[in-house]
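In listed order, ligands and their atoms are each counted from 1. Atom set for the values below is all heavy atoms of this structure, side chains included, hydrogens, waters and symmetry mates excluded.
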Amino acid sequence: MSDNWDERYPPLAKVPVHVGIIMDGNGRWARQQGKPRLAGHRAGVENIRRVLTAAARMGIKILTIYAFSTENWDRPAAEVTGLMNLIAQALRREVSELHKNGVRLRHIGHLERVSRQLRRGVLDAIELTKDNDRLTLNVAFDYGGRAEVVHAVQQIIEAGIPAEDVTEETISQYLYTAGQPDPDLIIRTAGELRVSNFMLWQGAYAEYYAVPVFWPDFDENELYKALAAFSQRDRRYGRLTDSEYA
Ligand code: IPE
Ligand code: IPE
Ligand code: MG
């Protein structure tokens, strides 16, 4: 493509396979512009396409986006309904384009509490895109890291697995992300330094990156900066190299 992409974003020494994003700051973005919160959520949903496209071009294979937490149900009803409608609209509007671009859509979280129509839309989109392999997009929706671990433990017990056979791998296999590598990098927009119940188990050795930019303003340039920071990190996993010990 003749858009100077490679000049603006030169290849990095190390690109994360799996990136998680805590998409925060839609409300503050709207307030800053004197708009209602829902306008911020609309801009936030729009922004997913831009970041997803950039992520694919930068070589990320799995992108997990935190769209709605188990705690977000406790927000005012109008906000919850507004968010559900925006997500349902986006799904209807984008799914064929995602499919054309080789994106495999997955959902992590529960679907019991969402409308039957939205649930149907999500399940149909997962089925339609299941054989795509350019990039996997995990949408964390009605997702909570603690609820996910509880769900895994329940499934393990139901499967009759003896206690002594339960290992870290067993737990991983019963999470919503079963079969996927853990996130290498978790990005949080809007500056808060907290995890807010996102990928508690899988994030054990993720590199964290927080940026003050509100989610609707987080563009390909910001993604590249996060990846560049990641490529400089020294991941140690608790170990020491021989030269560090010498
Ligand atoms: C993130 O934006 C979207 C969701 C949590 C659903 P917020 O709505 O949390 O925006 P702020 O944090 O209030 O600015
Ligand atoms: C985290 O953002 C959840 C999502 C981005 C979906 P929140 O805005 O809900 O988190 P807190 O309340 O600041 O911890
Ligand atoms: Mg927030």
Discussion item. Quick one about Asn138 and Gln180 (side-chain donor to acceptor, distance below 3.5 Å, no hydrogens or angles considered), yes or no?
Written reply: yes

Discussion item. Regarding ligand 2, does Asn72 bring an N or O atom to under 3.5 Å of one of the ligand's N or O atoms?
Written reply: yes

Worksheet item: Hey, is Arg188 touching ligand 2 through its side chain, its backbone, both or neither, going by heavy atoms under 4.0 Å?
Response: side chain

Fill in: Per-atom contacts, ligand 1 versus His41 - under 4.0 Å to a heavy atom
3 (C), 8 (O)

Practice prompt. Provide, to 0.1 Å, the distance between atom 10 (O) of ligand 1 and the closest protein heavy atom, together with that atom's residue and name.
Written response: Gly27 N, 2.9 Å

Worksheet item: Do the ring centers of Tyr176 and His151 come within less than 6.0 Å of each other?
Response: yes

Practice prompt. Please verify whether a non-hydrogen atom of Ser69 lies at under 4.0 Å from ligand 1.
Written response: no

Discussion item. At less than 4.0 angstrom from any non-hydrogen atom of Ala67, what atoms of ligand 1 do you find?
Written reply: 6 (C)

Practice prompt. Go through Glu222 and Arg50 one step at a time and tell me if the salt bridge (Lys or Arg N to Asp or Glu O under 4.0 Å) criterion holds.
Written response: CA-CA 11 Å; Glu222 290 295 336; Arg50 171 165 73 165; over 6 Å; no

Worksheet item: Is a side-chain N or O of Asp219 found less than 3.5 angstrom from the main chain of Val51, in a donor-acceptor match?
Response: no

Worksheet item: Is it the case that His41 and Glu79 place a side-chain donor and acceptor less than 3.5 Å from each other?
Response: yes

Fill in: Met23: numbered ligand 1 atoms lying under 4.0 Å from its heavy atoms
1 (C), 3 (C)

Worksheet entry | Nearest-neighbour protein heavy atom for atom 2 (O) of ligand 1, which is reported as residue plus atom name and distance | Asn26 N, 3.2 Å

Worksheet item: Does Gly25 reach ligand 1, in the sense of a heavy atom lying below 4.0 Å from it?
Response: yes

Item to complete: Might you confirm whether atom CD of Glu244 has over 12 heavy atoms from other residues, nucleotides or ligands at distances under 6.0 Å?
Response: yes

Item to complete: Could you check whether the rings of Phe68 and Phe141 sit parallel, tilted or perpendicular, using 30° and 60° as the cut-offs?
Response: tilted

Response to the item:
min-distance N/O/S atom, Asp24 vs the Mg ion (ligand 3), resolves to OD1

Worksheet item: Touching ligand 1 at all, Arg37? Heavy atoms, strictly under 4.0 Å?
Response: yes

Item to complete: Classify the ring geometry between Tyr237 and Tyr205 as parallel (under 30°), tilted (30 to 60°) or perpendicular (over 60°).
Response: tilted

Worksheet item: Strictly by modelled atom types, are Arg188 and Ser196 linked by a side-chain donor-acceptor pair under 3.5 Å?
Response: yes

Practice prompt. Measure Phe198 to ligand 2 on non-hydrogen atoms and call it side chain, backbone, both or neither using the 4.0 Å cut-off.
Written response: neither

Practice prompt. Within a distance under 4.0 Å of any heavy atom of Asp24, pick out the atoms of ligand 1 and give their elements.
Written response: 1 (C), 2 (O), 7 (P), 9 (O), 10 (O), 11 (P), 12 (O)

Discussion item. To check your reading of the model: name the closest protein heavy atom to atom 14 (O) of ligand 2, its residue, and the distance in Å.
Written reply: Ser196 OG, 2.6 Å

Fill in: Which of the ligand 1 atoms, numbered from 1, are nearer than 4.0 Å to a heavy atom of Arg75
5 (C), 7 (P), 8 (O), 9 (O)

Fill in: Minimum-distance protein heavy atom relative to atom 12 (O) of ligand 2
Arg194 NH2, 4.5 Å

